[in-house]
Engineer: 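Before I ask anything, here is the structure I am working with.
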There are 2 protein chains.
Amino acid sequence: MPKKVDHDERRRLIADALMRVAAEQGLEAVSLRHVAAAAGVSAGMVQHYFRTKDEMMSFALSAVSERSEARVRVAVGALGADPPPRALLRTMIAALLPLDDAAREDGRVALAFLAYTAVRPAASAELHPSTAEFVHFIARQLPSGEIRQATGLLALMEGLGVYLLGGQYEAEQALDALDAHLDLLFGAPAPDRTAKPGWEFRTGLASSNTPSIELADEPDRVERR
Amino acid sequence: MPKKVDHDERRRLIADALMRVAAEQGLEAVSLRHVAAAAGVSAGMVQHYFRTKDEMMSFALSAVSERSEARVRVAVGALGADPPPRALLRTMIAALLPLDDAAREDGRVALAFLAYTAVRPAASAELHPSTAEFVHFIARQLPSGEIRQATGLLALMEGLGVYLLGGQYEAEQALDALDAHLDLLFGAPAPDRTAKPGWEFRTGLASSNTPSIELADEPDRVERR
DNA sequence: ACCGATGCATTGCAGTCGTATTGGAAAGAG
DNA sequence: CTCTTTCCAATACGACTGCAATGCATCGGT
């Protein structure tokens with residue numbers, strides 16, 4: 001076997017470029033040549049690593065979900081062992097929201113993919129079970145244990161993400177709404193409003209080295225066709 | 001003045017075709033020729049009624065929001081005068097959710113536009129005030145009157161819409177989650193779960209849609225990039 | 001040392017895109 | 001009837017698209 005390039009590293013490099021293009025110009029501006037230019041490579045190379053455009057899109061899509069998953073992992077990890085359920089939920093959700101400019105950019109890509117897959121039903125098929133899983137996980141953290149409430153909480157997160165991206169809500173507004181909702185679910189007094197550490201965005205690995213993706217939606221979104 | 005065609009009717013006809021194309025193939029499949037074919041007219045005619053593609057998109061975008069607005073009006077109208085706040089909110093929100101196949105189709109278009117405008121910030125600018133207005137209206141219906149809760153409820157609606165479109169939630173699930181949330185907000189027992197006929201759903205995605213888009217058309221200049 | 005697989009750049013091709021232009025049919029106004 | 005304005009079809013054009021094909025340099029295995 002000749003040469004010695006890390007195949008997967010190249011693919012990630014290209015996928016990163018794709019997300020950069022998609023974030024600032026939309027998915028429809030994503031073409032082989034555009035992505036290649038953004039990545040600083042030749043169009044031929046892109047073709048070499050992705051035999052078809054769909055394959056490239058598919059890879060980028062899964063990269064998006066992987067990245068957001070990693071963000072949640074980091075944020076939760078910073079919480080320490082056995083955090084109280086409410087803090088755990090708040091941390092996870094906050095980690096998934098596009099709260100700052102960088103995350104907003106990433107969220108735009110996720111939103112674009114969301115619309116993209118809405119037309120290709122096969123794409124999001126395998127994501128349903130993971131959503132359902134997440135709902136059950138949330139339900140287990142709730143005092144009531146009610147699935148219906150968990151379903152609503154997840155939807156609330158998604159909606160906050162959408163409005164944050166649209167610019168209708170400010171970051172603080174969104175977090176206020178989230179806390180108000182958690183107040184209802186936990187039948188609780190306001191939590192300690194000061195302590196918001198525990199979820200520093202972009203600490204550690206994640207997006208430090210590469211500009212790219214994270215998402216306002218739920219973890220896991222994979223396409224395949 | 002020769003001929004006598006209803007200018008606006010033609011434009012609506014074309015916009016309808018556009019929405020049909022966008023619903024089943026995505027916004028990126030929307031081209032002058034495609035839309036023309038879907039509308040059963042010549043491409044030249046489309047060009048005659050919309051001098052530029054952006055103008056056509058802009059018109060279609062406002063058509064989407066108009067339609068969902070009308071649905072809410074119809075649904076609320078069917079409630080009679082002075083409905084209890086909870087019923088009013090539930091009706092309005094349910095009217096905005098893509099609960100059946102037809103509404104799902106429309107919702108897909110709205111979602112596509114949402115992603116579309118995310119890249120063109122000027123487009124959604126004038127929608128912020130209307131969202132804020134809606135939030136205040138919701139708050140007025142709530143027992144607590146809390147803005148933060150209203151903010152959350154609106155977000156919950158949007159999220160339910162997204163998940164319904166994605167297929168992660170079923171219609172019944174979404175309505176259950178909505179009712180559960182209303183239970184929390186109204187501190188109430190379950191409402192009468194039976195009465196759901198009387199009105200048809202058919203809606204676009206939440207208030208994501210908004211009138212008009214980016215550049216105001218000046219007579220002679222056309223900008224393109 | 002040679003061979004053959006791999007990495008990658010270049011080019012060509014058929015197709016679609018948005019838009020400008022042109023020309024003719026239709027129809028109220030004089 | 002003859003204008004004159006509107007409606008709309010047809011075509012041309014340049015830019016762009018995804019993809020296949022080609023060619024060459026570079027290396028590892030033998």
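Each chain gets a letter, A, B and so on, in the order the sequences are listed, and its residues count up from 1.
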Engineer: Cation-pi check for Tyr49(A) against Arg11(A): NZ or CZ below 6.0 Å from the six-membered ring centre and within 45 degrees of the axis, yes or no?
Structural biologist: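 Not flagged: Arg11(A) not positioned over aromatic ring of Tyr49(A).
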
Engineer: Between Leu27(B) and Ala22(B), which heavy-atom pair has the shortest distance, and what is it?
Structural biologist: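 Distance-wise, the nearest heavy atoms are CD2-CB, 3.8 Å.
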
Engineer: Taking atom P of dC8(C) as reference, at what distance in whole Å does atom CZ of Arg11(A) sit?
Structural biologist: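 My rounded result for the distance is 13 Å.
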
Engineer: Any base atoms under 4.0 Å from Val30(B), or only sugar-phosphate, or nothing? Heavy atoms, all strands.
Structural biologist: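 Sugar-phosphate: the residue Val30(B), judged by heavy atoms under 4.0 Å, touches backbone atoms but no base.
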
Engineer: Separation of His48(A) atom NE2 from dT6(C) atom P, in whole Å?
Structural biologist: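 Distance check: His48(A) NE2 to dT6(C) P gives 9 Å.
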
Engineer: Side chains of Leu160(A) and Glu158(B): does their closest heavy-atom pair fall under 4.5 Å?
Structural biologist: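 Contact flag for Leu160(A)/Glu158(B) side chains = no.
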
Engineer: What are the two closest heavy atoms between Pro98(B) and Arg104(B), and how far apart are they?
Structural biologist: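 Minimum heavy-atom separation between Pro98(B) and Arg104(B): CB-CA, 3.8 Å.
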
Engineer: Please report, rounded to the nearest Å, how far the P atom of dT19(C) is from the NZ atom of Lys53(B).
Structural biologist: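 Computing the Lys53(B):NZ to dT19(C):P distance gives 8 Å.
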
Engineer: If you look at every strand shown and take non-hydrogen atoms under 4.0 Å, does Tyr49(B) touch a base, only sugar-phosphate, or nothing?
Structural biologist: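 The residue Tyr49(B) makes sugar-phosphate contact but no base contact.
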
Engineer: For dC7(D), take OP1 and OP2 only and decide whether either is under 4.0 Å from a side-chain N or O of Arg10(B).
Structural biologist: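 No.
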
Engineer: Between residues 13-22 of chain B and DNA chain C, which residues have a heavy-atom gap below 4.0 Å?
Structural biologist: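 Nothing qualifies; none.
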
Engineer: Would you say that more than 12 heavy atoms from the other residues, nucleotides or ligands in this model lie under 6.0 Å from the CD of Glu133(B), or not?
Structural biologist: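 Open.
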
Engineer: Compare all side-chain heavy atoms of Tyr116(B) with those of Glu28(A) and state whether any distance is below 4.5 angstrom.
Structural biologist: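 Side chain of Tyr116(B) against side chain of Glu28(A), heavy atoms only: contact under 4.5 Å found.
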
Engineer: Within this structure, what is the NE2-to-C1' distance between His34(B) and dT16(C), rounded to whole angstrom?
Structural biologist: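 Roughly 9 Å, once rounded to whole Å.
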
Engineer: Of the nucleotides dT17(D), dA12(D), dC8(D), which has the atom closest to the Arg33(A) side chain?
Structural biologist: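 Of the candidates, dT17(D) comes closest.
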
Engineer: From CG of Asp6(B) over to P of dC7(D), roughly how many Å is that when rounded to an integer?
Structural biologist: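 After rounding, the gap between these two atoms is 11 Å.
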
Engineer: Using the C1' atoms of five pairs at each end, what's the angle between the two axes of the helix from dA1(C)-dT30(D) to dG23(C)-dC8(D), to 10 degrees?
Structural biologist: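 Helix axis angle between the two ends: 10°.
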
Engineer: Checking Lys53(B) side chain against Val30(B) main chain: does a donor-acceptor pair fall under 3.5 Å?
Structural biologist: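 Yes; judged by distance alone, with no hydrogens or angles, the pair exists.
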
Engineer: Does a side-chain N or O of Thr52(B) approach OP1 or OP2 of dG18(C) to a distance below 4.0 Å, or not?
Structural biologist: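 For dG18(C), OP1/OP2 do not have a side-chain N/O of Thr52(B) under 4.0 Å.
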
Engineer: For Ala139(A) and Ile147(A), which heavy atoms make the closest approach, and how far apart are they?
Structural biologist: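 For Ala139(A) versus Ile147(A), the nearest heavy atoms are CB-CD1, 4.1 Å.
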
Engineer: Side chain of His7(B), heavy atoms from C-beta onward: which of dC7(D), dT19(C), dG18(D) has the nearest atom to it?
Structural biologist: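 Out of dC7(D), dT19(C), dG18(D), the nucleotide with an atom closest to His7(B)'s side chain is dC7(D).
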
Engineer: Would you mind telling me which of dC8(D), dC8(C), dT19(C) lies closest to the side-chain atoms of Leu32(B)?
Structural biologist: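 For Leu32(B), the side-chain atoms sit closest to dT19(C).
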
Engineer: On a heavy-atom basis, which atom in Val35(B) and which in Val21(B) lie closest, and how many Å separate them?
Structural biologist: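 Val35(B) and Val21(B) have their closest heavy atoms at CA-CG2, 4.5 Å.
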
Engineer: Can you find a heavy atom in the side chain of Phe137(A) that is under 4.5 Å from one in the side chain of Arg140(A)?
Structural biologist: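 A side-chain contact under 4.5 Å exists here.
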
Engineer: Quick one: are Glu9(A) and Leu13(A) in side-chain contact, heavy atoms under 4.5 Å?
Structural biologist: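 Contact flag for Glu9(A)/Leu13(A) side chains = no.
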
Engineer: What is the distance from CG of Asp54(B) to C1' of dC17(C), rounded to the nearest Å?
Structural biologist: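 Atom-to-atom, Asp54(B) to dC17(C), this comes out as 14 Å.
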
Engineer: Can you measure Met45(B) atom CE to dC8(D) atom P for me and round it to whole angstrom units?
Structural biologist: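 Taking CE of Met45(B) and P of dC8(D), I get 5 Å after rounding.
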
Engineer: Out of dG18(D), dC17(C), dG7(C), which nucleotide sits closest to the side chain of Ser31(B)?
Structural biologist: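 Given the options dG18(D), dC17(C), dG7(C), the side chain of Ser31(B) is closest to dC17(C).
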
Engineer: Where do N or O atoms of nucleotides 20-23 of chain D meet protein N or O atoms at under 3.5 Å, pair by pair?
Structural biologist:
{"from": "dA20(D)", "atom 1": "N7", "to": "Gln47(A)", "atom 2": "OE1", "distance (Å)": "3.1"}
{"from": "dA20(D)", "atom 1": "N6", "to": "Gln47(A)", "atom 2": "NE2", "distance (Å)": "3.3"}

Engineer: What is the distance, rounded to the nearest whole Å, between atom CG of Leu27(A) and atom P of dT17(D)?
Structural biologist: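 Atom-to-atom, Leu27(A) to dT17(D), this comes out as 14 Å.
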
Engineer: Which atoms form the tightest heavy-atom contact between Leu165(A) and Arg108(A), and what is the distance?
Structural biologist: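 For Leu165(A) and Arg108(A), the tightest heavy-atom pair comes out as CD2-N, 3.7 Å.
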
